[in-house]
Amino acid sequence: MTRRLTEVARKAGVSEATVSRVLNGRGGVSESTRVAVLTALDVLGYERPSKLRGERARLVGLVLPELQNPIFPALAEVVTGSLAQRGLTPALCARTIGGISEPDYVEMLLDHQVSGVIFAGGSYALADAPHDHYRRLTDRGLPVVLVNAGVDELGFPCVSTDDAVAVEQAYGHLRSLGHERVGLVLGPADHVPSRRKLAAMAKIAGWAEDEECVERSSFSMEGARVAASKLIERGVTGIICASDVMALGTIRAARRLGRAVPADISVVGFDDSALMTCTDPPLTTVRQPIETMGQAAVDLLVNQIDGVGVLTDELLFEPELVVRGSTAPAPGH
């Protein structure tokens, strides 16, 4: 108990006696000091005394599917910085293989009386995944914001990159370079943003539903390498990928098949995550406006926390094609 008092006092910048007064519900403490002590308690992972648990912490959960894809740390940087500026303490929850699941993180966040949760790339984006843990948040009336498209019935506010515009930009670029056989490497069949990209491609390219120029994979370099190899063997010369990591797997596939990028195969990524200027070749990609989207997600969450009405309509943000060295005129052009 003494160690806990010392740690909380140091974190909050107050005396141990002040921490004790707050935890025991005694007076003589300003509201700002009381909030600082309770926030320190939450951040250090200590349980609040039962009589104080009814009050929500100034703690906000940010739940990410992984940290290996550079786009997620980039989003975390924007969101955590923006939350801190609003006097909210971010709690970063990143899933790992064999680690804590998204439903488990939700339980932990509820136990800590968080003020709200921002999800990016969670199971809400997979139509066939279980969604019961989101309904627990709805039942508690907890503010929630989703980043990038999810299943419709959840009813949470959402900020998304416009997948249709992203595909139009990438496809238009490849067609302008003379590529007539353009393929897609997408996420799983029930992944909502991938479904949107496929629908946009079908519309602008006149594809049938059983189009052979589509392959699906996990959002990994190795998964994308296998998928892209199939497209290349079918004669595709331009490939649009659902993430930069997948695009790097696609470049690896081309090289293993003895093809050069971009002389034989042109590759377009999606995200414009860190270090894509340093790849070989530098990656042409469609940039997600992560800074703007992260700020918008925090604005939506804070408005909900403050009791301001928030529309559950999806906010769509326009991406930007960034042309680098992984695309070139089609062979023979």
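Since the structure is predicted, the reported quantities are computational estimates derived from the model, not experimental observations. Values reported hereafter were calculated over all heavy atoms of this structure, with side chains retained and with hydrogens, waters and symmetry mates removed.
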Problem - Heavy-atom neighbours of R21 CZ exceed 12 at 6.0 Å - result: yes
Practice task
Would you check if the side chain of S194 reaches a backbone N or O of G187 as a donor-acceptor pair within less than 3.5 Å?
Solution key: yes
Completion exercise
OG1 (T285) and CZ (R324) are apart, to the nearest 0.5 Å, by 7.0 Å
Exercise for the section: Count the heavy atoms of every other residue, nucleotide or ligand shown that sit under 6.0 Å from CD1 of I204, and state whether that count exceeds 12. Expected result: yes
Exercise for the section: Decide yes or no for D162 and Q169: does some side-chain heavy atom of the first lie under 4.5 Å from some side-chain heavy atom of the second? Expected result: no
Handout entry: Salt-bridge present (R175, E168; N to O < 4.0 Å)
Key = no
Exercise for the section: Go through the steps for E212 and R181 under the test salt bridge (Lys or Arg N to Asp or Glu O under 4.0 Å), then give the verdict. Expected result: CA-CA 11 Å; E212 64 170 12; R181 295 273 293 166; 3.2 Å; yes
Practice task
Taking the side chain as every heavy atom from C-beta outward, state whether L92 and T80 have any atom pair closer than 4.5 Å.
Solution key: no
Problem - Check: F119 ring centre within less than 6.0 Å of Y134 ring centre - result: yes
Problem - Test: R135 and D132 ion pair at under 4.0 Å - result: yes
Problem - Under-4.0 Å salt bridge between R34 and E31 - result: yes
Problem - Closest approach of H131 to L126 (non-hydrogen atoms, all atoms of both residues) - result: NE2-O, 3.0 Å
Completion exercise
In this structure, CZ of R58 is separated from OG of S115 (nearest 0.5 Å) by 6.0 Å
Handout entry: Heavy-atom check, side chain of M221 versus side chain of Q68, under 4.5 Å
Key = no
Practice task
Determine, for R4 against E7, whether the closest basic-nitrogen to carboxylate-oxygen distance falls under 4.0 angstrom.
Solution key: no
Exercise for the section: Give a yes or no on whether the backbone of A189 and the side-chain of R195 come within a donor-acceptor separation of less than 3.5 Å. Expected result: yes
Problem - Sole residue of L75, N148, L315 in side chain to side chain contact (heavy atoms under 4.5 Å, CB included) with M293 - result: N148
Exercise for the section: Verify, without hydrogens or angle tests, whether D271 (side chain) and I71 (backbone) share a donor-acceptor contact under 3.5 angstrom. Expected result: no
Exercise for the section: Tell me, yes or no, whether the heavy-atom count around E107 atom CD, taken from other residues, nucleotides or ligands under 6.0 Å, exceeds 12. Expected result: yes
Handout entry: Distance-only donor-acceptor check, side chains H173 and T284, under 3.5 Å
Key = no
Problem - Any donor-acceptor pair under 3.5 Å from H191 side chain to A125 backbone - result: no
Problem - Any donor-acceptor N/O pair, Y171 side chain to V182 backbone, under 3.5 Å - result: no
